[in-house]
Participant: 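Before I ask anything, let me first share the structure, which is written out below as structure tokens.
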Amino acid sequence: MQQKPAKNLILFASGSGSNVENITRYFAEDSRVRIRGVLCNNPKAGVIERCRRLGLPLYCFNRVAFEDPAGLLSLLRGLEPDLIALAGFLWKIPEPLVTAFPGQIINIHPALLPKFGGKGMYGMHVHRAVVAAREKESGITIHYVNEAYDQGAVIFQAQVALEGTESPEDVAEMVHALEYEHFPPVIHSLLFPRHG
Ligand code: GRF
């Protein structure tokens, strides 16, 4: 039987890229999924070294390129994405990209949206705010990207209970563990939806 063409996954990252590495390792044995590219807006990002080490195609861009959606659009269209996953990407996706790939751009947020979301809520800022608010739980939210920060439809959430004694760094570690456990399988379920 003719092997179906592989599904193309595109990842966006601005930081360390531990989620990019985790996703890459998850799909390494699955020939039906290939990471067609990692897009990065930060020349100092740790994800760049990870892409070199993992042999991932890397496309870096600055604000000028990012704000010329036609350029980014032609790059993305050329990579024929089945799914675009933001894995720690800090810029807002421009409207033309959201409309060009309807229902195909997802993001992972390190908190239980709608709480602790929105502009400026990223990385340790989120975990500090959760600890300061004495929350009894934190977790992750995987959601569709729309034109507003962190307000797209929720796809998946996972929680972890907090005792109230954790530092923001402890919460970050607990939330990262949820990201590594759940982001790849959620991506897989979106690439290969089970009908019925
Ligand atoms: C993760 O906490 C993710 O939830 C958020 O950005 C961070 C990315 O971390 N969107 P890394 O660059 O994958 O290590």
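First listed ligand is number 1; within each ligand, the first listed atom is number 1. We use all heavy atoms of the structure for the numbers below, so side chains are in, but hydrogens, waters and symmetry mates are not.
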Participant: May I ask you to check whether over 12 heavy atoms, not counting those of E163, lie within 6.0 Å of atom CD?
Facilitator: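 Counting neighbours around CD of E163, 12 or fewer heavy atoms of other residues, nucleotides or ligands fall under 6.0 Å, so no.
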
Participant: So, using salt bridge (charged side-chain N to carboxylate O under 4.0 Å, His left out) as the criterion, who are the partners of K92 when residues are at least two apart?
Facilitator: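 Counting only residues at least two positions away or on another chain, K92 forms no salt bridge (charged side-chain N to carboxylate O under 4.0 Å, His left out).
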
Participant: Using a 6.0 Å distance limit plus a 45 degree cone around the ring axis, check whether R34 lies over the aromatic ring of F27.
Facilitator: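 No, R34 does not sit over the ring of F27.
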
Participant: Answer yes or no: are there more than 12 heavy-atom neighbours, outside R53 itself, under 6.0 Å from its atom CZ?
Facilitator: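 Atom CZ in R53 is crowded, with more than 12 foreign heavy atoms closer than 6.0 Å.
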
Participant: List the protein residues in contact with ligand 1, where contact means a heavy-atom separation under 4.0 angstrom.
Facilitator: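 Those residues closer than 4.0 Å to ligand 1 by some heavy atom are G15, S16, G17, S18, N19, G88, I108, P110, H176, E179.
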
Participant: So, R63 versus N41: side-chain donor-acceptor pair below 3.5 Å or not?
Facilitator: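 N41 and R63 do not have a side-chain donor-acceptor pair below 3.5 Å.
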
Participant: Are there over 12 heavy-atom neighbours, none belonging to E67, within less than 6.0 Å of that residue's CD?
Facilitator: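 Count over threshold, so yes.
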
